[in-house]
Protein chains: 2
Amino acid sequence: MRGMETVRPYSHVLEKICVVGLRPTRQRLALAKVLFESGDRHTTAEKLHTEARAAHIRVSLATVYNTLHQFTNAGLLREIVVDASRSYFDTNTSSHQHFYCEETGEIEDIPDGLVTLSDLPPPPKGTTIERVDVVVRVKTISD
Amino acid sequence: MRGMETVRPYSHVLEKICVVGLRPTRQRLALAKVLFESGDRHTTAEKLHTEARAAHIRVSLATVYNTLHQFTNAGLLREIVVDASRSYFDTNTSSHQHFYCEETGEIEDIPDGLVTLSDLPPPPKGTTIERVDVVVRVKTISD
DNA sequence: GTGTTTGCAAAGTGTTTGCAATTTA
DNA sequence: TAAATTGCAAACACTTTGCAAACAC
């Protein structure tokens, strides 16, 4: 089969992009490649932009922001709130939690099931629970 | 005892302010009064500023920000991260968790003990757990 | 008086938006 | 070609900072 692969890489992403009514433009496909080619990742708009340009993808920061939000709405990404001054996006959209180190800005996944919540009280009147976010804040050991 | 109370309101706050080496200035005392006079509260710099001015306290927004951070460092407040674009401060500094409604911006406390975490995995190498934040995101019921 | 704090306005950060030029279907 | 997308620069919201005037001790 060597040499004759007709594999369209990231076809699942291509599919998802189309399903939501987004056109598979050069920028979106390139950003999707960077985002999804290497397992689960946590990134910010700025980091993704830097990375994209390092990979010779010409894309503006505004488009990176737009794309991140479009992907999030499409269910390809999940936004995680760990820091009041920066938006992080997670390529793992399934149910799980996070370790977050403020000093380094690093986020690490905690697989689902490792954190168990019990006895959650009823939400405020007139509201329903949308989801539960757990952030385990860590600091580097200084000695 | 009526009429002879020598109670110094917020003396505990006054004390704490002094202990940390902050001078009990008019602005700091006034903001502390607004913050601590009515049970547990969740507020933002903007909200506190508006409230302060409504109460005829002349204070600049910059000073509100500075004061919130000084109080936080002093352990009088706790900063809570629920939204990537706004900083919230909680007058309840003890261990507890939160309901957060993005639509209304409202935060409600979940008393400690109502949420139980179990089987927390070990933190990333070289780090120790500082604290665990749980945010139960809710949305208003639309029908 | 001396050092701290305040207020203002300016600067800074991260993010969003308006719009003409470009690209996609 | 018609509609969607891009990039730029300007606008934004929130927050921090520099510095002279005001204040606390």
Side-chain angles (χ1 to χ4, degrees), chain A residues 8 13-34 42-53 56-74 76-77 79-89 100 102 105 107, chain B residues 13-34 42-53 56-74 76-77 79-89 102 105 107:
Chain A
R8 285 148 306 177
V13 171
L14 176 59
E15 260 178 56
K16 290 195 198 173
I17 287 177
C18 295
V19 162
V20 203
L22 292 176
R23 290 182 178 177
T25 64
R26 203 182 318 111
Q27 288 85 343
R28 293 210 265 243
L29 286 170
L31 291 175
K33 186 168 190 284
V34 173
H42 308 96
T43 194
T44 63
E46 203 72 56
K47 281 204 289 179
L48 182 56
H49 186 230
T50 301
E51 227 176 321
R53 315 206 111 233
H56 309 297
I57 301 164
R58 287 182 74 273
V59 63
S60 72
L61 184 56
T63 297
V64 171
Y65 272 106
N66 290 337
T67 302
L68 284 171
H69 287 135
Q70 290 155 351
F71 283 7
T72 300
N73 292 337
L76 296 175
L77 293 175
E79 187 171 355
I80 48 190
V81 180
V82 290
D83 188 296
S85 68
R86 231 184 310 271
S87 287
Y88 283 82
F89 295 85
Y100 176 62
E102 184 163 32
I107 293 180
Chain B
V13 170
L14 176 59
E15 261 179 56
K16 289 195 198 173
I17 288 176
C18 294
V19 161
V20 202
L22 292 175
R23 288 186 179 175
T25 63
R26 202 182 319 109
Q27 288 84 343
R28 294 210 264 242
L29 286 169
L31 291 175
K33 186 167 190 287
V34 173
H42 308 96
T43 194
T44 63
E46 203 72 54
K47 282 203 289 179
L48 181 57
H49 185 229
T50 301
E51 228 176 322
R53 315 206 110 232
H56 308 297
I57 300 164
R58 289 180 73 272
V59 63
S60 72
L61 184 55
T63 297
V64 172
Y65 273 105
N66 290 337
T67 303
L68 284 172
H69 286 136
Q70 290 156 350
F71 283 6
T72 301
N73 292 336
L76 296 175
L77 292 176
E79 188 171 355
I80 49 190
V81 180
V82 289
D83 189 295
S85 68
R86 231 184 310 271
S87 287
Y88 284 83
F89 295 85
E102 184 163 32
I107 294 179

Once you round it to whole Å, what is the distance between C1' of C/dT4 and CZ of B/R26? 14 Å
What is the distance, rounded to the nearest whole Å, between atom CD1 of A/I17 and atom C1' of C/dA25? 16 Å
For B/Y65 and C/dT13, what is the distance between atoms OH and P respectively, to the nearest whole Å? 16 Å
Pairing residues for B/E51 by the salt bridge (Lys or Arg N to Asp or Glu O under 4.0 Å) criterion, not counting sequence neighbours: B/R41
Have a look at B/H49 and say if it touches a base, only the backbone sugar-phosphate, or nothing, with a 4.0 Å heavy-atom cut-off. nothing
Taking A/Y88 for its side chain and A/D83 for its backbone only, find out whether a donor-acceptor pair lies under 3.5 Å. no
Under 4.0 Å, counting only non-hydrogen atoms across every strand here, what does A/T44 touch: a base, just sugar-phosphate, or nothing? nothing
Sort out the partner of D/dA22 for me: Watson-Crick or G-U wobble, both distances under 3.5 Å, none otherwise. C/dT4
With respect to the phosphate group of C/dT15, does any side-chain polar atom (N or O) of A/S87 fall under 4.0 Å of OP1 or OP2? yes
Measure from CZ on A/R86 to P on C/dT13 and round the result to the nearest Å. 11 Å
Can you list every side-chain hydrogen bond (donor to acceptor under 3.5 Å, both in side chains) pair that touches residues 21-32 of chain B, not counting sequence neighbours? B/R28-B/Q70
Protein-nucleotide distance (A/R58, atom CZ; C/dA21, atom C1'), rounded to Å: 13 Å
Earliest and latest nucleotide of DNA chain D, 5' to 3', sitting under 4.0 Å from a non-hydrogen atom of chain B? D/dC14 to D/dC25
Separation of atom CD in A/E46 from atom P in C/dT15, rounded to whole Å: 8 Å
With nearest nucleotides of DNA chain D determined for B/P24 and A/T67 from heavy-atom distances, which residue corresponds to the more 5′ nucleotide? A/T67
Has A/H69 got a side-chain N or O lying under 4.0 Å from the OP1 or OP2 atom of C/dT15? no
Verify the contact: side-chain N or O of B/T63 to OP1 or OP2 of C/dT5, cut-off strictly under 4.0 Å; return yes or no. no
Please tell me if the side chains of B/V20 and B/N73 come closer than 4.5 Å, counting only heavy atoms from C-beta onward. no
Nearest nucleotide by nearest heavy atom, which residue falls closer to the 5' end of DNA chain D, A/A84 or A/N66? A/N66
Atom CD of residue position A/E79 - does it have more than 12 heavy atoms of other residues, nucleotides or ligands inside 6.0 Å? yes
Within a strict 4.5 Å, meaning less than it, do heavy atoms of the B/L76 and B/I17 side chains meet? yes
Is the shortest side-chain heavy-atom distance between B/L14 and B/L29 below 4.5 Å? yes
Using a cut-off of less than 4.0 Å, is there contact between a side-chain N or O of A/R28 and OP1 or OP2 of C/dT24? no
Once hydrogens and angles are ignored, does a donor-acceptor distance under 3.5 Å link the base of C/dT5 to the side chain of B/R23? no
Given atom CD of A/Q70 and atom C1' of C/dT17, what is their separation to the nearest angstrom? 14 Å
